[in-house]
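Data block below; observations after.
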Number of protein chains: 2
Amino acid sequence: MSSTLAQPDAGDQPGDRSWDGGIPEATVARLPVYLRALYALAERGVTTVASDELATAAGVNSAKLRKDLSHLGSYGIRGVGYDVDYLVYQVSRALGLTQSWPVVIVGAGNLGRALANYGGFASRGFRIAALLDSDPALVGRKIGRLVVSHADELEAVVASQNVAIGAIATPAASAQAVCDRLVAAGVTSILNFAPLVLTVPDGVDVRKVDLSIELQILAFHAQRRSAARVGQLAGPAVAEA
Amino acid sequence: MSSTLAQPDAGDQPGDRSWDGGIPEATVARLPVYLRALYALAERGVTTVASDELATAAGVNSAKLRKDLSHLGSYGIRGVGYDVDYLVYQVSRALGLTQSWPVVIVGAGNLGRALANYGGFASRGFRIAALLDSDPALVGRKIGRLVVSHADELEAVVASQNVAIGAIATPAASAQAVCDRLVAAGVTSILNFAPLVLTVPDGVDVRKVDLSIELQILAFHAQRRSAARVGQLAGPAVAEA
DNA sequence: CGTCGTTTGTGAACGGATGCACAAAGTCGC
DNA sequence: GCGACTTTGTGCATCCGTTCACAAACGACG
């Protein structure tokens, strides 16, 4: 019940967005990768980069990279390449990272703590507004620079800090309830780590990260590979009558 | 408008080995979702399910579900639906989950521990062969039912237990080195949690799970929403061009 | 100032995925 | 046994994303 790819009907609602940003979803998903590659280049002192190098660093094809960047505007210099700092700025801007987004993390188990300690989190564009848990044994405990607050404070935190993004790192059993509370409190973007499909009203965006799904996809390919290595087709169900 | 986001993600690396066995990649990515929904139905005692219900439970459109399942074979009964247990078996089989895959987890920080404790891990189709770390303070520590082993044992573990899948939950700085060692030891499927693009030879399958990328994608949509709510184009760079 | 080499930005072809709509195939009631 | 009803499986049109290939744009250099 959760997924990695598409969720309910990512299709075409008739009441379409007047202006959907103009940036294709697939491009948006790659911009953060480019941004990270650009940061790495900047830290190495590189000031200018060609689409070819940047594409290699980001693990994509150069034509794709250029087309992606062209959706933000025309920020390259022909015959030269892109100015690293300028491109960092433009990509950050397109992604909405010029402001710092407060994020509330619900669930202070291993996953929640991993999130809270995650370096690239607070550093670039995000700030942890609160780390919540309902377990009294965890409340009050220090995680990095944070103190775990009680889950009851969810609504107060969201309201007072104007939180728009929530991360759900609770067990599956409580995830939907947490999600409902986040939505009711006004959160419109949710990152779900719990292994289930969340139900949300229109206008709320959910992305999920599902470890077991990724593993299963890997298993599929591993199986495919090992069957091929054996030499025979190893007749999966597909071949049967 | 759509309430949830599509999450496009297929192959990171252009050198994508997989000869798909007739099953489209997009379908493979959804099969685990169906499988989870089926397990949930089975536990509730449901023996038969129509594509419509299963699709709803999995958060997809019923036509897509039927087309996906049709790639595995013709396992439905017209006028009735699908037998839950039988479909569980067929999907598991297609994904290669009829065997138990040994997985080695490198990195016993919060993320590695979260993985090790993750319930749906060992339960269905996967078994943690080892949890490795190079930090002496962690080696020997008990995590759930496991004991953290030293990273030096990577090659031995992979060889002795025939590990085909590795999960990298180390800091970014050591991820590529760990990856190289995994590949050299014979691992051909890698799940990468470190925030960098791994370089691997052809024939190795890498999937990435990147928390900050997901957050940044959410930020993009949150920004778009808030800009739209303010009124009109809040003058992002997108509008020019 | 003009030519040359380099790199961007993009038009166009292509391929894969999605959703609709419907015929085929089955069950159920009588 | 038969007709009505339900649900699957799929052909088809459409949309989105990827890739190719090339003209336009730019710096370098004499």
Side-chain angles (χ1 to χ4, degrees), chain A residues 3-14 16-17 20-31 34 47-56 58-84 86-87 90 237-238 241, chain B residues 2 4-16 18 20 22-31 34 47-56 58-84 86-87 90 237 240-241:
Chain A
S3 92
T4 48
L5 232 76
Q7 258 206 340
D9 157 59
D12 47 346
Q13 287 286 60
D16 73 69
R17 218 50 0 235
D20 65 350
I23 304 183
E25 193 57 36
T27 295
V28 172
R30 282 187 295 265
L31 289 180
Y34 303 154
T47 60
T48 291
V49 66
S51 65
D52 223 359
E53 307 167 61
L54 184 54
T56 301
V60 301
N61 154 320
S62 71
K64 194 188 289 188
L65 178 123
R66 287 199 300 277
K67 184 152 287 189
D68 282 343
L69 293 184
S70 76
H71 287 112
L72 315 188
S74 191
Y75 300 131
I77 305 170
R78 292 170 192 236
V80 177
Y82 299 89
D83 181 88
V84 174
Y86 188 49
L87 199 52
Q90 290 297 348
V238 185
Chain B
S2 57
T4 46
L5 302 175
Q7 298 190 205
D9 198 28
D12 317 72
Q13 298 285 3
D16 150 87
S18 62
D20 55 1
I23 304 183
E25 191 58 35
T27 294
V28 172
R30 281 186 295 265
L31 289 180
Y34 304 153
T47 60
T48 291
V49 66
S51 65
D52 223 0
E53 306 168 62
L54 185 54
T56 301
V60 301
N61 163 315
S62 71
K64 192 189 291 186
L65 178 123
R66 288 198 300 275
K67 186 158 289 187
D68 282 343
L69 293 183
S70 76
H71 285 113
L72 314 188
S74 191
Y75 300 130
I77 305 170
R78 293 173 191 233
V80 176
Y82 299 89
D83 180 89
V84 173
Y86 187 49
L87 200 52
Q90 290 297 347
E240 311 282 312

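Keep in mind that what you see is a predicted model, and the values were worked out from it rather than measured. In what follows, chains carry the letters A, B, and so on, assigned in the order in which the sequence lines appear, proteins first and then strands, with residues in each chain numbered from 1.
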> Given atom CG of D52(B) and atom C1' of dT6(D), what is their separation to the nearest angstrom?
Replying inline: 11 Å

>> For G22(B) versus P24(B), what's the shortest heavy-atom pair and its separation?
In response: O-CD, 3.5 Å

>> Treating primed atoms plus P, OP1 and OP2 as sugar-phosphate and everything else as base, which nucleotides of nucleotides 11-16 of chain C get B, S or - for protein heavy atoms under 4.0 Å?
In response: BB----

> Does T27(B) or L69(A) map to a spot on DNA chain C nearer the 5' end, using the closest nucleotide for each?
Replying inline: L69(A)

> Nearest-Å distance, CG (N61(A)) to P (dA21(D))?
Replying inline: 12 Å

> What integer distance in Å separates D68(A):CG from dG17(D):C1'?
Replying inline: 10 Å

>> My understanding is that only residues two or more places apart in sequence, or in another chain, count here; which of them pass side-chain contact (heavy atoms from CB on, under 4.5 Å) with A55(B)?
In response: V60(B), S62(B), L65(B)

> For H71(A) and dC16(D), what is the distance between atoms NE2 and C1' respectively, to the nearest whole Å?
Replying inline: 11 Å

> Distance check: side-chain N/O of S74(B) vs OP1/OP2 of dG9(D), anything under 4.0 Å?
Replying inline: yes

>> If the condition is side-chain hydrogen bond (donor to acceptor under 3.5 Å, both in side chains), which residues does T27(A) pass it with, not counting sequence neighbours?
In response: D68(A)

>> Restricting to side-chain contact (heavy atoms from CB on, under 4.5 Å), what partner residues turn up for T48(A), sequence neighbours left out?
In response: V80(A)

> dT18(C) P sits how many Å from L65(B) CG, rounded?
Replying inline: 12 Å

> Once you round to the nearest 0.5 Å, how far does NZ of K67(A) lie from CG of N61(A)?
Replying inline: 11.0 Å

> Whole-Å distance between dG27(D) P and D83(A) CG?
Replying inline: 13 Å

>> Test of understanding: with side-chain contact (heavy atoms from CB on, under 4.5 Å), list the residues that count as partners of D83(B), not counting sequence neighbours.
In response: D85(B), Y86(B)

I'd like a list of close polar pairs between nucleotides 27-30 of chain C and the protein, N/O only, cut-off under 3.5 Å.
none

>> Would you compute the distance between atom CG of D52(B) and atom CZ of R66(B) and round it to the nearest 0.5 angstrom?
In response: 7.5 Å

>> How many whole angstroms separate atom CZ of R66(B) from atom P of dC20(C)?
In response: 11 Å

>> Taking 4.0 Å as the cut-off, does a side-chain nitrogen or oxygen of S51(A) come that near to OP1 or OP2 on dT7(C)?
In response: no

> When rounded to the nearest 0.5 angstrom, what distance separates OG in S74(B) from CD in Q90(B)?
Replying inline: 11.0 Å

> For dG9(C), does OP1 or OP2 lie under 4.0 Å from any side-chain N or O of Y82(A)?
Replying inline: yes

> For R30(A) and dT18(D), is the shortest distance between a side-chain N/O and OP1 or OP2 below 4.0 Å?
Replying inline: yes

> Can you tell me how far CG of L54(B) sits from OH of Y82(B), rounded to the nearest 0.5 angstrom?
Replying inline: 8.5 Å

> Given atom NZ of K64(A) and atom C1' of dT8(C), what is their separation to the nearest angstrom?
Replying inline: 18 Å

